[in-house]
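Structure first, commentary second.
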Amino acid sequence: MEELLKTEIWNGKSIADYLTLDMMVSVVGSIASAIAILVIALLVSGWISRRIRSIGENHAKLDDTLFNFLSNIARYVVMAFAILFVLNTFGIQTTSMVAAIGAAGLAIGLALQGTLSNVAAGVMLILFRPIKVGDFVEINDKSGTVKDVTLNFVEMASLSNTQVIVPNSEVWGNTITNYSVYPTRRAEWTFGVGYGVNLAKAEKVIRDTIMADERAHAEPEPFIQVSNLGGSSVDFLVRVWCDRTEYLAFKTDMTRKVKEALDEADIDIPFPTRTIISQAS
């Protein structure tokens, strides 16, 4: 038993050294201090996190995703410092530990390059905010409404309401087309009429039909001009501005209404034809 008590276990101290009253009081005190530090750190980190998150929630112009990200970073920073204080309380030198963690982090980083590239791209997306939750975007030939922007991926809902997950590295490294940034969009059509048609009359029918719709904007001025002399038709290029939220419905409605208006005005809408001449053998 006496030999067991003399066994060295930590910093040159034996079990007998740790069983002294002073040492037990010191250990209990260190444990109590560590618990107090962790409790205080949890309370402080939670309070700071909530305060940062509330800034985004209370201001409509600020992006919630950015402030959620900052609130999590603040929480982790406070807890990291708390852990260092706890280790110092037990007499553990944290300098060498931080160096070891750094070396381990480098090794892990090399092994997880793909994942970390997504995280790095996620940080850039959250900080610079080229897309936000609720935007309708097209990324790398994939389009949909943004549902969430995380540190690893962007979640979108497609037009058919299916979930689309795009890694952040593909988002940040590709062209992003955001259809939700500007309040207006320009709708564009091409309408073909026959070569024998009065072009001025056809232009008036097209213009009157589209501009009669309340969704069409008079400013900027609509563009309606002959753009091409095709193989079977004279093509009108039509460009009219409308509100962003009405773009799809406006464009499809006008495609049908202009066709019906041209038919009603007896304006020929040609289509390609093919003549087959057979020769007797």
- Task: With side chain to side chain contact (heavy atoms under 4.5 Å, CB included) as the test, would you mind laying out the steps for F128 and W172 before giving the verdict?
- Result: CA-CA 11 Å; F128 291 99; W172 186 252; 4.1 Å; yes
- Message: Evaluate V166 against M156 for side chain to side chain contact (heavy atoms under 4.5 Å, CB included), listing each step before the verdict.
- Response: CA-CA 8 Å; V166 185; M156 299 189 301; 3.9 Å; yes
- Between F191 and F236, does a ring-ring contact (aromatic ring centres under 6.0 Å, His included) hold up when you go through it step by step? CA-CA 5 Å; F191 298 109; F236 281 91; 8.6 Å; no
- Item | Verdict with reasoning, I210 to F250, per side chain to side chain contact (heavy atoms under 4.5 Å, CB included) | CA-CA 9 Å; I210 294 179; F250 176 60; 4.0 Å; yes
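Here side-chain hydrogen bond (donor to acceptor under 3.5 Å, both in side chains) pairs that include residues 180-193, with residues two or more places apart or in two chains, are E188-R239, W189-T255.
Across every non-hydrogen atom of P270 and G192, the tightest pair is CD-O, 3.9 Å. Nearest heavy-atom pair across T145 and G134 is CG2-O, 3.8 Å.
By the neighbour-count criterion of 12 heavy atoms within 6.0 Å, atom CZ of F223 is densely surrounded, having more than that number from other residues, nucleotides or ligands. More than 12 heavy atoms of other residues, nucleotides or ligands shown are found within 6.0 angstrom of OH on Y195. Residue-environment remark: CD (E214) stays at or below the threshold of 12 foreign heavy atoms within 6.0 Å.
Using a 4.5 Å heavy-atom cutoff, the side chains of V234 and V197 are not in contact. Using a 4.5 Å heavy-atom threshold, the side chains of F81 and I37 count as separate.
A donor-acceptor pair under 3.5 Å links the side-chain atoms of D213 to the main chain of R215, judged by distance alone. A donor-acceptor pair under 3.5 Å links the side-chain atoms of S45 to the main chain of A41, judged by distance alone. No donor-acceptor pair closer than 3.5 Å links the side chain of N168 to the backbone N or O of L125. The backbone N or O of D235 lies less than 3.5 Å from no partner atom in the side chain of S233, so there is not a single donor-acceptor pair. Counting only distance, with no hydrogens or angles, the side chain of S54 and the backbone of R51 share a donor-acceptor pair below 3.5 Å.
Looking at D263 and K259, a side-chain N of the basic residue comes within less than 4.0 Å of a carboxylate O on the acidic one, giving a salt bridge.
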List the atom pairs, with distances to 0.1 Å, where a side-chain N or O of residues 198-206 and a protein N or O form a donor-acceptor pair under 3.5 Å, not counting sequence neighbours.
from, atom 1, to, atom 2, distance (Å)
N198, OD1, A200, N, 3.0
N198, OD1, K201, N, 3.1
K201, NZ, A265, O, 3.3
E203, OE2, R207, NH2, 3.4
K204, NZ, D208, OD2, 2.7

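Of the N and O atoms on the side chains of N178 and D135, at least one donor lies less than 3.5 Å from an acceptor on the other residue.
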